[in-house]
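Structure record follows, encoded as structure tokens.
We're numbering straight along the sequence, starting at 1. Remember, it's 1-based here, ligands and their atoms both numbered in the order they're listed.
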Amino acid sequence: MMSQTDLIHPGERWRDTDGQPIQAHGGGIIEADNAWYWFGEDKSAPTILNERGTAKVPFQGIACYRSTDLITWQRISTALSPVPDDPDHPLHTNKVVERPKVLFDPHEQRYVMWCKMGGPNYEYMHLGVATSKTIAGPYQFIEAKAPNDNRAGDFALLRDRDGTAYIIHPTDKFKVMIVAELDETATRLTGNLHRCLEGDGGYHGHEAPTLFDYQNRWYMLTSRVSGWKPNPCRACVADQLAGPWTVLGELCDIDQTETTFDSQPACIWPYDPARGRFIYIGDRWNTADLGDSRYIWLPIVWKDDIPHVRWLDAWHPEDDAAWVV
Ligand code: GAL
């Protein structure tokens, strides 16, 4: 019998092993050394308004948490730290640095972290990259720029089945999704890219791409573009990353909340991919206090071969019943 503390409680305050609220917003997870590592935005400082009136927390760093059960998390580091004494640096505290994603580079035997670099007011829409020999960092910043000269924003970082790393990000006012190839060190763009979902039925734009690979098909969930406000996320499917992508629809809400249970996708964790068990990981943004934004971890369930996010008040990934509609 699992106790309440062994369960995931979507939307409730989630504390680390020191009793502090977990600061891993817009996060990404990777597995290494028989443990899981959760990287995310540390938004523990007070929320302020930027010059455009958008809520922001000056960059506090990218936090790294470690767990061996996906429920109990220990903060082990600030993996990427702010640069406080150079206001022009992309990591200065006046900037917005979001949505960190990490992967391992076997070529250089090091970890590579990519982040969305918004500048002080989200005017840059760059992506930044940093590396570390150890998973927890400190990560050494390399550079931030517009990938392939495209405005970026939210992005996904992954490896295709052949091991090639890609960044997936929206551009052209969020109307196109770019699948951009990275080199063998995963720190540089090769310039090879695919423009996906172009002319997508006049779609109002998409961001927060999160992808997973199931039965030789890639699935992509995206949010619409409404800043911190939640909206219905949409599912697309393709046989290969380059597409063509087929829109499955805005159907991630079995219960029709039309807000993806008041959340926006951050990443998807392949918990038991052979059995189609993927965990949706989203953020329920709280613009009054961004550091108190809650995590929405929910099972992705399948109905007619289409992925849906299913609400549960409390659940455990080992509980088979969680995965059945
Ligand atoms: C969202 C984005 C978030 C954050 C927010 C700021 O569209 O997904 O990561 O940048 O805008 O308004």
Side-chain angles (χ1 to χ4, degrees), residues 23-29 38-63 80 90-91 93-102 113-128 144 146-147 150-157 167-178 203-211 220-234 250 252 258-268 280-296 309:
Q23 292 294 329
H25 309 285
I29 293 183
W38 184 5
F39 294 86
E41 305 153 20
D42 182 338
K43 287 192 167 339
S44 53
T47 300
I48 59 172
L49 293 183
N50 70 13
E51 287 164 19
R52 297 175 178 179
T54 304
K56 84 167 194 184
V57 171
F59 181 47
Q60 303 297 299
I62 299 302
L80 184 69
L91 298 178
T93 40
N94 63 10
K95 306 291 193 302
V96 172
V97 180
E98 293 179 332
R99 296 184 169 269
K101 304 288 177 273
V102 175
M113 177 190 290
W114 285 83
C115 296
K116 168 182 168 185
M117 318 286 286
N121 304 294
Y122 293 101
E123 59 272 68
Y124 295 173
M125 304 303 254
H126 289 173
L127 297 181
N150 289 311
R151 278 173 72 81
D154 302 351
F155 70 99
L157 172 70
I167 281 196
I168 293 92
H169 69 85
T171 198
D172 289 3
K173 300 194 171 149
F174 306 98
K175 295 276 179 10
V176 175
M177 196 61 77
I178 300 262
Y203 197 63
H204 23 58
H206 40 208
E207 62 176 359
T210 50
L211 289 90
M220 173 162 56
L221 302 190
T222 54
S223 71
R224 291 185 196 167
V225 184
S226 55
W228 299 117
K229 290 202 194 75
N231 57 56
C233 87
R234 188 174 80 154
E250 284 182 339
C252 301
E258 297 193 355
T259 60
T260 320
F261 304 107
D262 192 357
S263 76
Q264 186 184 28
C267 65
I268 288 170
Y280 167 88
I281 296 177
D283 296 285
R284 179 174 288 176
W285 300 116
N286 172 359
T287 48
D289 180 0
L290 283 168
D292 192 31
S293 300
R294 305 295 169 83
Y295 308 102
I296 305 298
V309 180

Establish, from distance only, whether the side-chain atoms of Gln23 and Ser44 form a donor-acceptor pair under 3.5 Å.
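The answer is no; no qualifying pair exists.
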
Just by distance, no angles: are the side chains of Thr260 and Tyr280 close enough, under 3.5 Å, to form a donor-acceptor pair?
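No, Tyr280 and Thr260 have no side-chain donor paired with an acceptor closer than 3.5 Å.
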
Report the C-alpha separation of Leu290 and His25 in whole Å, then their side-chain angles, then the decisive distance to 0.1 Å, and conclude whether the side-chain contact (heavy atoms from CB on, under 4.5 Å) test is met.
CA-CA 9 Å; Leu290 283 168; His25 309 285; over 6 Å; no

Protein heavy-atom partner closest to atom 9 (O) of ligand 1 - residue, atom, separation in Å:
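Going atom by atom, the protein heavy atom closest to atom 9 (O) of ligand 1 ends up being Arg99 NE, 2.9 Å.
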
Heavy-atom nearest neighbour in the protein, as seen from atom 8 (O) of ligand 1, with distance rounded to 0.1 Å
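That would be Asp154 OD2, 2.5 Å.
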
Write down the atom of Asn150, the atom of His169, and the distance for their closest heavy-atom approach.
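Looks like CB-CE1, 4.0 Å.
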
Does ligand 1 have a heavy atom under 4.0 Å from the side chain of Glu207, from its backbone, from both, or from neither?
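Just the side chain.
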
Could you point out which residue of Pro230, Ser263, Pro265 forms a side chain to side chain contact (heavy atoms under 4.5 Å, CB included) with Ile296?
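Of Pro230, Ser263, Pro265, side chain to side chain contact (heavy atoms under 4.5 Å, CB included) with Ile296 is met by Ser263 alone.
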
Do Gln60 and Lys43 have side-chain heavy atoms sitting under 4.5 Å apart?
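No - every pair of side-chain heavy atoms lies 4.5 Å or more apart.
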
Can you find a non-hydrogen atom of Lys116 under 4.0 Å from ligand 1?
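Under 4.0 Å: yes for Lys116.
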
Please say whether Gln264 places an N or O atom under 3.5 Å from an N or O atom belonging to ligand 1.
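Min N/O separation from ligand 1 is below 3.5 Å for Gln264.
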
Please determine if Thr54 has a nitrogen or oxygen closer than 3.5 Å to a nitrogen or oxygen of ligand 1.
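No.
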
Which of the numbered atoms in ligand 1 are under 4.0 angstrom from any heavy atom belonging to Gly227?
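In order of numbering, the contacting atoms are 1 (C), 7 (O), 11 (O), 12 (O).
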
